[in-house]
There are 2 protein chains.
Amino acid sequence: MTTAVKPRKKQIEQVATNLFKTKGYSATSMRDIAASVGIEAASIYSHINSKEEILHSICFRMANEFLTSINEVLNANDSIIEKFRKTVVAHVDIITGDVAASAVFWNEWRHLSEPALSEFIAMQRQYENTFKSIIEQGVNEGLFEVPSVSFAVMAMLSSLNGIQKWRNYTLPPNELNTAFADIFIKGLLK
Amino acid sequence: MTTAVKPRKKQIEQVATNLFKTKGYSATSMRDIAASVGIEAASIYSHINSKEEILHSICFRMANEFLTSINEVLNANDSIIEKFRKTVVAHVDIITGDVAASAVFWNEWRHLSEPALSEFIAMQRQYENTFKSIIEQGVNEGLFEVPSVSFAVMAMLSSLNGIQKWRNYTLPPNELNTAFADIFIKGLLK
DNA sequence: CCTACCGATCGGTAGG
DNA sequence: CCTACCGATCGGTAGG
């Protein structure tokens, strides 16, 4: 029986992700990460170049996942309500699929330095704007009624992204995604 | 014309709150705070005992505000929908009333050490449970329909608490509070 | 409120 | 992947 050995680099990133989530990026030292992996701090640098490189990798991987997912939904041939539902479900699935990485993505990106910081913020805005265009279309079709489209997007995203702070999921992931879709579709309907 | 001079201690706390919000508690040094106030780092200690004391003060002040507010609503003689509405409005008002302190309350409390940490978590739970009891009563009266009361509370609170991360309010505070109440009442109604 | 300073810890490097 | 170590910075104190 062979044991699947996780490549060190992946292991370091995973351990770091969990520590970044629990303690925060700044409060997590390279020695914390090394100790969790079971090696010396200096040895980490055989696999990665800096602490920020790990943060960069997590933040941009998640940002790409979110953007890829919303673009797929956008290109499908669905009603606007269905597009909205699919976007919410996909967003929740990405979060529950990797809660630790989502927490880092949402809470620790501010510790990126330029130019990565600006790039990351631009990706965030792009995602928000795509989501906004979906709600906007729902309003234009007379299906949704909102006091402000920006408000609706931000209220939604804050709610979904908050999952990573929950002490428990309250519902299993495959019910959580549709529960979110339902509550917000109802909330936005005219 | 006399200029109202802010007592040093209050000034230090306010400056620290803003820095904790922007950079995070761990990444904010006493020297950062001192520089923003315009004094030397060592001079801070004439007014406060430790960095954590500032965090403690912010977190517990906000926790008490939230708990006081929800208990007032609970004791009023209103319909359950009205209680729900008032709770949401009050919650949003507290956040928009001090966004920086709310951000610290929501994002930095994990850096408290025991026994304050456990006390703080208990207060959070108490608030969530009170909110939960309001929704539960709405369900019992046949007004609300939710897949899980815990889910509804957490989805709500995540959404409201997310305000502190918004790049802009999307709506002025006196419309934001009722917009939140409306969207979630609609979302929870049977 | 300042100067001067403490021990601890940080991210990271040299060299093997 | 390790030992040994670097300069910088941390929260905080002594003493005025």
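Reckoned from all heavy atoms, side chains included, excluding hydrogens, waters and symmetry mates. Just so it is clear: chains get the letters A, B, ... in the order the sequence lines come, proteins before strands, and each one is counted from 1.
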Would you say the side chains of A/Glu141 and A/Gln137 form a donor-acceptor pair under 3.5 Å?
yes
Counting N and O atoms only, with roles assigned by atom type, does the side chain of B/Ser159 sit under 3.5 Å from a partner on the main chain of A/Ala155, one being a donor and the other an acceptor?
yes
Sugar-phosphate only, base, or nothing, as touched by A/Ser29 at under 4.0 Å among non-hydrogen atoms:
sugar-phosphate
Assess whether a salt bridge exists between B/Arg167 and A/Glu128, defined as any Lys/Arg side-chain N lying under 4.0 Å from an Asp/Glu carboxylate O.
yes
Using a 4.0 Å heavy-atom cut-off, does A/Ser26 contact any base of the nucleic acid, only the sugar-phosphate backbone, or nothing at all?
nothing
Using modelled atom types and a 3.5 Å cut-off, is there a donor and acceptor pairing between side-chain atoms of B/Thr22 and backbone atoms of B/Leu19?
no
Should B/Ile58 and B/Glu108 count as side-chain neighbours, where that means a heavy-atom distance under 4.5 Å?
no
Boundaries of the chain A footprint along DNA chain D (any atom under 4.0 Å from a heavy atom):
D/dC1 to D/dA4
For DNA chain D, what dot-bracket results from Watson-Crick or G-U pairs at under 3.5 Å, with [ ] for crossers and | for inter-strand partners?
||||||||||||||||
Centroid-to-centroid, A/Phe60 to A/Phe105, below 6.0 Å?
no
Would you mind telling me which residue lines up with the more 5' stretch of DNA chain D, B/Asn49 or A/His47, judged by nearest nucleotide?
A/His47
Would you check if the distance from the ring center of B/His91 to the ring center of B/Tyr127 is below 6.0 Å?
yes
Gap separating the CG atom of B/Asn174 from the OG1 atom of B/Thr96, nearest 0.5 angstrom
9.0 Å
